[in-house]
Amino acid sequence: MAKIIVVTSGKGGVGKTTSSAAISTGLALRGHKTVVIDFDVGLRNLDLIMGCERRVVYDFVNVINKEANLKQALIKDKRTEGLYVLPASQTRDKDALTHDGVEAVLNELAEDFDYIICDSPAGIEQGAQMALYFAEEAIVVTNPEVSSVRDSDRILGILQSKSRLAEQGKQVKEHLLLTRYNPERVASAEMLSVADVEEILAIPLLGVIPESEAVLKASNQGSPVILDENSEAGQAYSDAVARLVGEDVEHRFLEMQKKGFLKRLLGGK
Amino acid sequence: MADPCFHIKGTSVTSMVLDLYRYQRDEFAETLRQKIETAPLFFTGSPLFLNLASFTGGMDKTQMQSIVSECRSAGFQLYGFRGAEEHVAQMAKDAGLVHLPTPRPRTEQAPEAPASEPTPQPAANSNPTPTKVISKPVRSGQQVYAEGADLILLAPVSEGAEVIADGNIHVYSALRGRALAGVRDNSNARIFCQKLEAELVSIAGHFILNDSFSEAVWKKPAQVFLQDDSIEIAAL
Ligand SMILES: Nc1ncnc2c1ncn2[C@@H]1O[C@H](COP(=O)(O)OP(=O)(O)OP(=O)(O)O)[C@@H](O)[C@H]1O
Ligand SMILES: [Mg+2]
């Protein structure tokens, strides 16, 4: 039985798709058969970041409308064994995803896969609610700034009131993924610190992904940043995946933050 | 019929009541706006009826209609009225409101409690104050209401959340949202919290915003209470 995990945020542009691509790749690299689903109907970004846009023939909506079966729509990743992408439609509108349709697709995928990663659209409305409804776990992607934290808080409220588990009186397991973290801007108080965000959201920290040029480079190349093993962002995503599957890994990035801070103290410019 | 398709039963539904004393359009709209600002989530969609028993002054048809439309556009579900003189009652009915019966005065209720039996008082005491306990964070956009009870929160109340009680509110964590205690006119209600960062605190309808909190209590354990109709905040 697959574990369904939604990657969600409320606020747009915080790194959900980047994180969905990296985490699903990381899970597959560890030998877990994984599918990543693009719930952002109408925008379709995931296939670009995964570098499979030219191989999209059928999409999620085609499967829901029974115009294609899952086998036809799933794209097997060329780089990573055991990884599949279910792309979103570019042409349809948000209402194309129906509750029953999504449930049927997830049930069918659950028979075959270990992990189902749902890349949510931005917002807290219908599209985002559809992406999170069936999830057992949620990775809440947050940038270290007030408006992003506030939106994450709202989406946490929705997770614990409008998801299937919440309706059954159970709890969705929550993970905080802090992305685009820039220690220098934290030190100059332009950004919230890890501790600030943890205190406000009060959920366990899955990882801190530094702001890194490697992310932009990776998405231009259509290769998830986790495959760039030399980059800080790639390493931070690998650590986050290890924690997601239950390993106890120290937060490497927090140490770097201290170093940066010390350097400032010692007068290094 | 073995399996009837419905039953009709008696029930009582909680509703808010707007006691109208006088009407002047701008004043009414402004008062309504201020009231809703204290707790938007709480008031939005709330069922409401108009009590005209203490209304003085004149009222015409357009005024009645504008009361109805103002309440509705403010998000209330205004459905009825009570206590109006005959011609005002007719205008209210014409504006689509339901005429609710006026409750029997309290003196008539007294005989219902058998005087010889001492049970009612002790019965009330044996279950002192009902309490609602919430152990998960109350997030932005969420609202918790402890009806006829105290409210105890064991996790943070986020900015943009509302916690409301007819009794006292205890927050054994950070209070960052809005807290309204004693909302049904209980001026003895208090708010206690471990870390005061609230956007607004209110006791029995009186409220203050955080820009008038003193530095001495901000982010500190504190209690909020009403003294001579004004809100006081003291460190704990
Ligand atoms: N750690 C990072 N460092 C630098 N840039 C980043 C990082 N994470 C994401 N970005 C950039 O931020 C932008 C938004 O990222 P992404 O598309 O993953 O966000 P999203 O939350 O999926 O957005 P949307 O809400 O539109 O779906 C992209 O340009 C991406 O390259
Ligand atoms: Mg996206």
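Each chain gets a letter, A, B and so on, in the order the sequences are listed, and its residues count up from 1.
- Only the side chain of A:Q171 comes within contact range of chain B, judged by heavy atoms closer than 4.5 Å.
- If you take OG on B:S140 and CD1 on A:I155, they are separated by 11.0 Å, rounding to the nearest 0.5 Å.
- Rounded to the nearest 0.5 angstrom, B:S158 OG and A:L201 CG are separated by 7.5 Å.
- Salt bridge A:E199/B:K195: present, at least one basic N to carboxylate O contact under 4.0 Å.
- Scanning all heavy atoms of the two residues, the minimum distance from A:I200 to B:R139 falls at O-NH1, 4.2 Å.
- Environment of CD in B:E215: sparse, with no more than 12 heavy atoms of neighbouring residues, nucleotides or ligands closer than 6.0 Å.
- The number of heavy atoms from other shown groups lying within 6.0 Å of CG (A:D248) does not exceed 12.
- The part of B:Q142 that comes within reach of chain A is its side chain, from C-beta onward, which places non-hydrogen atoms under 4.5 angstrom from that chain.
- Residue contact with chain B, scored on non-hydrogen atoms closer than 4.5 Å, involves the side chain of A:I203 exclusively.
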